[in-house]
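Taking it in order: structure first as structure tokens, then the write-up.
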2 protein chains.
Amino acid sequence: MTEASASPPSSREKILDVAEALFARRGYAGVGLREVAEEAGLGKSSLFHHFRSKAEIYLAVLARVLERVNERVAPILASGGSHLERLDRVLDSLIDSLAEHPTTARLLLRSLFEDDDLPDTDDVKRAAEEIDRSLAAILDRMLRLLRDGIEAGSFRPASARHTLQTLIGATVYHFASGELGEALFGRPVFSAETVRRRKEEIKNLVHSGLAAAPVAAPAGGRP
Amino acid sequence: MTEASASPPSSREKILDVAEALFARRGYAGVGLREVAEEAGLGKSSLFHHFRSKAEIYLAVLARVLERVNERVAPILASGGSHLERLDRVLDSLIDSLAEHPTTARLLLRSLFEDDDLPDTDDVKRAAEEIDRSLAAILDRMLRLLRDGIEAGSFRPASARHTLQTLIGATVYHFASGELGEALFGRPVFSAETVRRRKEEIKNLVHSGLAAAPVAAPAGGRP
DNA sequence: ATTGCAGCCGACCGATCGGTCGGGTAGGGT
DNA sequence: ACCCTACCCGACCGATCGGTCGGCTGCAAT
């Protein structure tokens, strides 16, 4: 941890890479450490020189994923610009995050379900809470952006919490939908074209579905 | 199979009930058949008198869940009324479906990930394809509703596919979000109050985010 | 040259996995 | 009375699970 970010493609990183791919595909319980070790080019016992348990590997993977997302999203949330501009840019960068590493969305979604089958050792629980806190921090900042925007009149009055849930669903779920999404769009959800279009559609949703009406539409009588 | 829907609280149904709860909580790989049997009040071997394998149990659970959703949603999709009315009612009933059985959303989301660790026996693959087809049928009808609505001018021009993805995310993800959702709202996502509010927010999203502008806003000029 | 340690490994542990097998029992049809 | 079938069970199988242990390397500091 003190100087982990050194240059060599260390075994530790390799383990995390392999574990990330496998956990995303088959989940915590569905992945065996033998498989992780083999794909990392190591003996199974070697895993335990870098991590104390399977759960620790899983949590390390999750922490890295969250950090990757946070790196992109946090500076935008802290930046200037109107509420709407900031929201647009946050969603853009979130989608970029999810599209860049196809494992991210699935791991995040899975993490909502799978903390159940982690052992409840004290250190595991502590690490899991750390993850939770780090996720909660991101969501909290997004929530604040929505609330502020609503209060300032930049967004139409809505439940910030529900809106946040919808936006998570619109982004994370989409990139986790895998074969179903591929069947729906006729191409992988990670293809450049689909990603570009997804950004557009989300932006349209936000602008005409969340943003306050520009000026007009004073009392539009419905036909 | 021929007359399965009889009255007795049969062992078969009990197994499915127990398995549904467990699979939703811990996933396919995370659940052992011993646990299923014990909670169903049976010996483990008895499971194999009703199902040929663990995978068959899982797929039977999934099929039942899908059927439950379809029962509610299909008649509405086939009913009359304007596109917008039908969409409103479909979303309402979908949310009711998901809220009624807290396992549904998680099982559906998990099913997008977890077909990977099913064995690929021929009969399992056939049953899984059956599930896929049944899910695809529901989605197809919703997709058609969106497309028709767009073509008829009831909805603003948008990608029907992306809109469908967003709506799935807004509903299924929300009710699968579990502890995270509970932390966000301060109460379970299945609480009557949260469910009611969720319907409202989704309806607002659809009406002011998807429905065509009443009359005004003629200038389509994007900024 | 010696020591120490990080990294890696094969062999092994008890537990649990999905699944099989043979047998027991109750009830309905004949 | 008979048998057949549906249902259920305990015992057992080979495989795999996460994790431990002792020992083998090679490099770095002394």
Side-chain angles (χ1 to χ4, degrees), chain A residues 1-4 6-19 22-23 26-61 114-125 127-128, chain B residues 1-16 18-19 22-23 26-61 114-125 127-128:
Chain A
M1 188 62 63
T2 62
E3 45 184 334
S7 40
S10 66
S11 282
R12 187 190 161 94
E13 294 299 315
K14 179 77 179 173
I15 291 170
L16 289 179
D17 289 343
V18 168
L22 288 173
F23 283 140
R26 290 208 300 279
Y28 180 79
V31 172
L33 292 186
R34 282 159 179 84
E35 194 180 0
V36 173
E38 191 180 358
E39 271 193 51
L42 292 174
K44 185 183 55 109
S45 356
S46 302
L47 301 183
F48 292 90
H49 277 267
H50 300 278
F51 304 94
R52 273 186 299 194
S53 68
K54 183 189 183 183
E56 196 172 283
I57 298 179
Y58 177 74
L59 292 170
V61 165
E114 304 200 338
D115 26 9
D116 287 346
D117 40 23
L118 298 184
D120 51 356
T121 326
D122 276 1
D123 31 344
V124 165
K125 275 195 288 192
Chain B
M1 188 63 65
T2 60
E3 44 183 334
S5 61
S7 42
S10 66
S11 281
R12 186 189 162 94
E13 293 299 314
K14 178 77 179 173
I15 292 170
L16 289 179
V18 167
L22 288 173
F23 283 141
R26 292 209 298 280
Y28 180 79
V31 172
L33 292 187
R34 281 159 179 84
E35 195 180 358
V36 174
E38 191 179 358
E39 271 192 51
L42 291 174
K44 188 186 51 120
S45 354
S46 302
L47 302 183
F48 292 91
H49 275 268
H50 299 277
F51 304 93
R52 274 186 298 196
S53 68
K54 183 188 183 185
E56 196 173 282
I57 298 180
Y58 177 74
L59 292 170
V61 165
E114 303 200 337
D115 28 10
D116 288 345
D117 39 24
L118 299 184
D120 53 354
T121 328
D122 276 359
D123 31 346
V124 166
K125 274 195 289 191

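Residue numbering restarts at 1 for every chain, and letters A, B, ... go by the order of the sequence lines.
- In this structure, Val36(B) reaches neither bases nor backbone, as no heavy-atom distance under 4.0 Å exists between it and the strands shown.
- On a pure distance criterion of 3.5 Å, a polar donor-acceptor pair joins the side chain of Ser45(A) and the base of dG10(C).
- The side chain of His50(B) contributes an N or O atom lying less than 4.0 Å from OP1 or OP2 of dC8(D).
- In this structure, the CD atom of Glu38(A) is 16 Å from the P atom of dC8(C), given to the nearest Å.
- You'll find the side chain of Tyr58(B) stays beyond 4.5 Å of the side chain of Val31(B), heavy atoms only.
- Across dC8(D), dG18(D), dG19(C), the shortest atom-to-atom separation from the side chain of Lys44(B) is found for dG19(C).
- At a cut-off of 3.5 angstrom, the base of dC7(D) holds no donor-acceptor pair with the side chain of His49(B).
- The nearest pair of heavy atoms linking Lys54(A) to Leu33(A) is CG-CD2, 3.7 Å.
- Distances were taken from every side-chain heavy atom of Leu42(A) (C-beta onward) to each of dC12(D), dG19(D), dC9(C); the shortest belongs to dC9(C).
- Comparing Arg52(B) and Gly41(A), the nucleotide of DNA chain C nearest to each residue sits closer to the 5' end for Gly41(A).
- Minimum heavy-atom separation, Phe51(B) to Glu56(B): CA-OE2, 3.5 Å.
- With rounding to whole Å, Arg12(B) atom CZ is found 12 Å from dC8(D) atom P.
- For Phe51(B) and dC7(D), the CZ to P distance is 12 Å, given to the nearest whole Å.
- Atom CD in Glu35(A) sits roughly 8 Å away from atom P in dC17(D) (whole-Å rounding).
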